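Report on the structure given below.
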2 protein chains.
Amino acid sequence: MVTIKDIARKAGVAPSTVSRVIQDHKGISTATKEKIRLIMDEMDYRPNVSARNLVLNSSHTIAMILKSEAHDAYENPFNNAVYNGVVEACREDGYSIISTTKNTEREILEEVKSLIRLRQVDGFIVMFSKTGNKVTEYLTSVGLPFVVVGKDVNQNNDAIYIDNDNITAAYQLTQLLIDKGMRDIRVINDDEGFTVAKDRMKGFKDALRDNELDSDECIIQVGSELEEIRDTLNEAFNSKQPEGIITFDGFLHAKVLAALYELQIRVPDDMLTATFNDSPLTQFASPPQTTVDIHSADIGREAGRALIGLIQEPNKLKCNITLPTQVIERQSTRKE
Amino acid sequence: MVTIKDIARKAGVAPSTVSRVIQDHKGISTATKEKIRLIMDEMDYRPNVSARNLVLNSSHTIAMILKSEAHDAYENPFNNAVYNGVVEACREDGYSIISTTKNTEREILEEVKSLIRLRQVDGFIVMFSKTGNKVTEYLTSVGLPFVVVGKDVNQNNDAIYIDNDNITAAYQLTQLLIDKGMRDIRVINDDEGFTVAKDRMKGFKDALRDNELDSDECIIQVGSELEEIRDTLNEAFNSKQPEGIITFDGFLHAKVLAALYELQIRVPDDMLTATFNDSPLTQFASPPQTTVDIHSADIGREAGRALIGLIQEPNKLKCNITLPTQVIERQSTRKE
DNA sequence: TTGAAAGCGATACCAC
DNA sequence: GTGGTATCGCTTTCAA
């Protein structure tokens with residue numbers, strides 16, 4: 001294996017000089033820089049990550065923290081897509097990723113603390129946004145860089161927040177259904193706690209209000225089990241079957257569709273359906289679903305880049321990032 | 001940060017002794033072992049990974065190599081599930097993972113070579129099995145440990161192979177359809193090259209033969225685009241519409257279902273459908289699909305464990321691992 | 001603008 | 001059984 005000393009010897013300079021060239025240090029003549037770069041290329045030199053990490057006391061590793069049932073987390077295409085985006089961003093700069101899931105905030109906090117000591121993580125991507133988030137509070141207090149995928153609830157200037165404009169997205173999706181002549185539209189959701197759900201709810205209600213539709217009693221809260229969902233829907237539809245439904249997450253939506261199938265409700269003939277977070281689960285559903293593409297992989301890529309930027313330059317200005325959304329209409333809202 | 005020297009000082013021993021205790025070295029008295037372990041606990045000592053990697057010239061990192069379009073690879077639930085299994089196995093031993101996808105074997109080979117130098121990967125998980133696999137040949141030649149997810153095509157004793165019994169699984173799935181009275185069953189597949197497809201094909205044909213059914217002309221080869229699939233199926237069904245179809249991969253199957261929907265072929269009323277690789281895509285399809293659960297996450301876990309075992313003990317006997325499969329019947333094959 | 005040398009934290013060889 | 005110490009590859013002062 002070729003080391004920094006080999007390069008130095010061949011170039012007739014000291015290892016420290018080579019090290020400076022690697023870092024494009026100002027104060028090294030262009031001549032030597034070029035000479036040494038050439039030799040590094042020739043010898044196909046790659047710096048040893050462990051050695052560098054050791055002396056810099058960093059791990060070149062970031063952690064991605066999810067909050068949910070482990071099983072669900074890894075099956076939900078949204079998380080996978082974001083993860084892949086993060087992977088991409090990390091590869092560009094040679095970072096590694098640790099990804100963990102816990103169910104409660106307490107457990108997450110433990111994990112975060114242990115991660116900080118145990119593996120020397122350089123920063124965190126927190127995959128959820130909530131008011132009174134203990135995890136972000138803790139990270140702020142210890143001063144470790146982190147970015148949050150979600151909304152900046154209380155204008156936290158210690159971190160970068162990556163989000164879509166979920167209010168507008170939900171407004172547009174709802175408007176699409178209203179434009180189809182739907183008057184009775186309901187929302188299906190499984191966890192009210194997250195900011196993303198609140199935003200989507202707001203967009204939904206705003207759209208109803210602007211179209212002078214009533215927004216009372218149009219929220220259906222469900223669990224995560226298929227049978228449970230089916231029964232809840234069945235009961236909710238008992239008095240009056242809505243003309244259209246919007247689910248706040250694509251993964252949940254797949255279960256809703258399976259439930260509708262069991263209830264013998266046909267899409268789009270009996271009911272229009274639409275959801276958020278486009279993925280194969282919605283693209284290749286039967287029928288393919290109208291969704292809001294929130295560009296999950298891009299969220300991940302931006303989150304990764306932002307975090308790495310923060311790690312390398314902790315004092316840089318922390319500006320939040322809002323990614324565009326796009327309503328994709330498919331057959332689930334196309335009644336002949 | 002507490003280091004090995006701090007422990008040594010507090011215990012009144014040399015750093016080397018502490019190091020030996022960490023490795024549970026035989027030749028250290030139980031008394032000192034216990035004493036030092038206590039102190040390590042008290043001081044909440046964690047070995048520095050970078051330092052250890054540096055001196056051991058290892059990276060504590062394994063690579064997972066996929067062969068397909070990047071986009072597809074990360075959307076296919078099978079790959080994600082296997083990956084999660086690998087993650088779990090790696091976490092147990094503190095290993096990190098690099099995952100990459102390339103389209104051609106040439107590109108993969110380049111990536112592998114570069115990975116070996118660039119990041120000092122300790123071993124590989126090769127996510128495909130083929131006859132004449134250049135990647136496994138190369139890895140064998142350089143002597144780096146690797147495991148293959150797939151079938152041991154030519155009794156390669158230099159690596160561990162993790163696989164299901166795909167022949168039997170396909171046989172059982174086919175038999176299930178035959179038991180439903182289906183006589184005209186077709187297979188849909190997108191890539192014949194992989195061993196897994198060959199095995200499933202054999203199981204399928206064996207089942208037909210044992211039931212005295214004709215197996216000619218029952219293979220439908222499709223591409224990966226939805227429109228393409230729809231057109232191919234439409235044409236294939238033109239002369240005679242089969243009574244049942246089996247797709248060799250669950251991700252492809254989702255597209256097939258979407259195509260059937262467009263062609264206005266109803267499942268299970270007009271046609272029974274079944275596939276491999278159970279996932280949310282098949283569980284929550286409309287209708288939920290009969291599938292073979294190949295326990296993808298377990299494949300990943302076993303692959304990870306096997307690889308780590310190989311890394312830590314390169315000369316240990318390399319025995320292949322066969323995981324069980326399980327046919328799960330759902331509504332797609334239940335005609336009222 | 002460059003060089004010499006100390007040191008990051010852990011391991012393993014050679015002594016005793 | 002245990003201790004002393006060179007070593008891994010790189011960065012970074014301090015000097016020149």
Side-chain angles (χ1 to χ4, degrees), chain A residues 1-37 39-40 43-61 93-95 116-122 311-312, chain B residues 1-37 39-40 43-61 93-95 116-122 311-312:
Chain A
M1 199 172 50
V2 33
T3 75
I4 203 170
K5 281 182 191 166
D6 299 324
I7 305 294
R9 201 175 307 124
K10 183 134 183 180
V13 299
S16 47
T17 306
V18 179
S19 176
R20 290 188 184 105
V21 172
I22 293 170
Q23 295 160 79
D24 202 10
H25 200 279
K26 57 202 164 296
I28 295 283
S29 70
T30 332
T32 40
K33 269 189 190 172
E34 280 176 2
K35 186 178 69 178
I36 291 177
R37 290 217 179 95
I39 296 179
M40 294 200 300
M43 302 185 71
D44 195 24
Y45 167 71
R46 313 284 166 170
N48 183 313
V49 180
S50 304
R52 179 180 283 165
N53 287 347
L54 176 58
V55 63
L56 294 179
N57 191 28
S58 86
S59 59
H60 244 69
T61 301
D93 293 272
Y95 275 76
I116 289 175
R117 288 179 323 222
L118 192 74
R119 296 275 320 242
Q120 298 171 199
V121 179
D122 294 343
I311 291 170
Q312 292 174 347
Chain B
M1 202 171 47
V2 35
T3 75
I4 201 170
K5 282 181 189 166
D6 298 325
I7 304 295
R9 200 174 310 126
K10 183 132 182 182
V13 299
S16 46
T17 305
V18 179
S19 177
R20 288 185 186 109
V21 172
I22 293 171
Q23 295 158 79
D24 201 10
H25 201 281
K26 58 202 161 295
I28 295 281
S29 70
T30 332
T32 42
K33 269 189 190 172
E34 278 175 7
K35 185 178 69 179
I36 291 178
R37 289 218 179 94
I39 295 180
M40 294 200 300
M43 303 186 72
D44 196 23
Y45 166 72
R46 313 284 165 170
N48 183 312
V49 181
S50 303
R52 179 181 281 165
N53 287 347
L54 176 59
V55 61
L56 294 181
N57 190 30
S58 87
S59 59
H60 246 68
T61 301
D93 293 274
Y95 275 75
I116 290 176
R117 286 179 325 221
L118 191 74
R119 297 275 321 242
Q120 300 170 196
V121 180
D122 294 344
I311 291 170
Q312 292 173 347

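Keep in mind the model is a prediction, meaning the values are calculated, not measured. We use all heavy atoms of the structure for the numbers below, so side chains are in, but hydrogens, waters and symmetry mates are not.
Looking at the side chain of A:Arg52, the nearest of the listed nucleotides C:dT11, C:dA10, D:dC10 is D:dC10. Listed candidates were D:dG9, C:dT1, D:dG1. Nearest to the side chain of A:Leu54 is D:dG9. When distances are taken from the side chain of B:Val55 to each of C:dA10, C:dA4, D:dT12, the shortest belongs to C:dA10.
Contact annotation for B:Asn57: no contact, since no heavy-atom pair falls under 4.0 Å across all strands. Nucleic acid contact class of B:Val18 (heavy atoms, under 4.0 Å, all strands): none.
B:Arg37 places a side-chain heavy atom less than 4.5 Å from the side chain of B:Asp24.
Across the protein-nucleic acid pair, A:Asn53 atom CG and D:dC8 atom P stand 19 Å apart, rounded to whole Å. Residue B:His25 contributes atom NE2, which lies 17 Å from atom P of C:dA10 at whole-angstrom precision. For the pair B:Glu34 CD and D:dT2 P, the interatomic distance rounds to 12 Å; values are reported in whole Å. Remark: P of D:dG9 and CG of A:Asn48 are 7 Å apart, rounded to the nearest angstrom. Distance, A:Leu56 CG to C:dA6 P: 20 Å, rounded to whole Å. Straight-line distance from the OH atom of B:Tyr45 to the C1' atom of C:dG9: 7 Å, rounded to whole Å. Between the CD1 atom of A:Ile7 and the C1' atom of C:dG3 there is a distance of 18 Å, given to the nearest Å. When the P atom of D:dG3 is taken as reference, atom CD1 of B:Ile28 falls 8 Å away, rounded to whole Å.
Contact between the side-chain N/O atoms of A:Thr17 and the OP1/OP2 oxygens of C:dG3 is found at a separation under 4.0 Å. Considering only side-chain N and O atoms, A:Thr3 lies nowhere under 4.0 angstrom from the phosphate OP1 or OP2 of D:dG9. Side-chain nitrogen and oxygen atoms of B:Gln23 include none within less than 4.0 Å of the OP1 or OP2 phosphate oxygen of C:dA10.
Annotation for B:Lys10: atom NZ does not count as buried by contact number, only 12 or fewer foreign heavy atoms lying within 6.0 Å.
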Between protein and nucleotides 13-16 of chain C, what N or O pairs are separated by less than 3.5 Å?
residue: C:dC13; atom: N4; partner: B:Arg20; partner atom: NH2; Å: 2.7

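In this structure, A:Thr61 contributes its side chain and A:Ser59 its backbone to a donor-acceptor pair below 3.5 Å.
The salt bridge (charged side-chain N to carboxylate O under 4.0 Å, His left out) check on A:Asp93 picks up nothing, with sequence neighbours excluded.
If you check the side chains of B:Glu34 and B:Thr30, you find no donor sitting under 3.5 Å from an acceptor.
When every heavy atom of A:Lys5 is checked against every heavy atom of A:Pro15, the shortest pair comes out as CG-CG, 4.3 Å. Here the shortest heavy-atom pairing between B:Ser50 and A:Asn53 reads OG-CB, 3.2 Å.
When the nearest nucleotides of DNA chain D are assigned to A:Ser50 and B:Gly12 by heavy-atom distance, the more 5′-ward of the two goes with B:Gly12.
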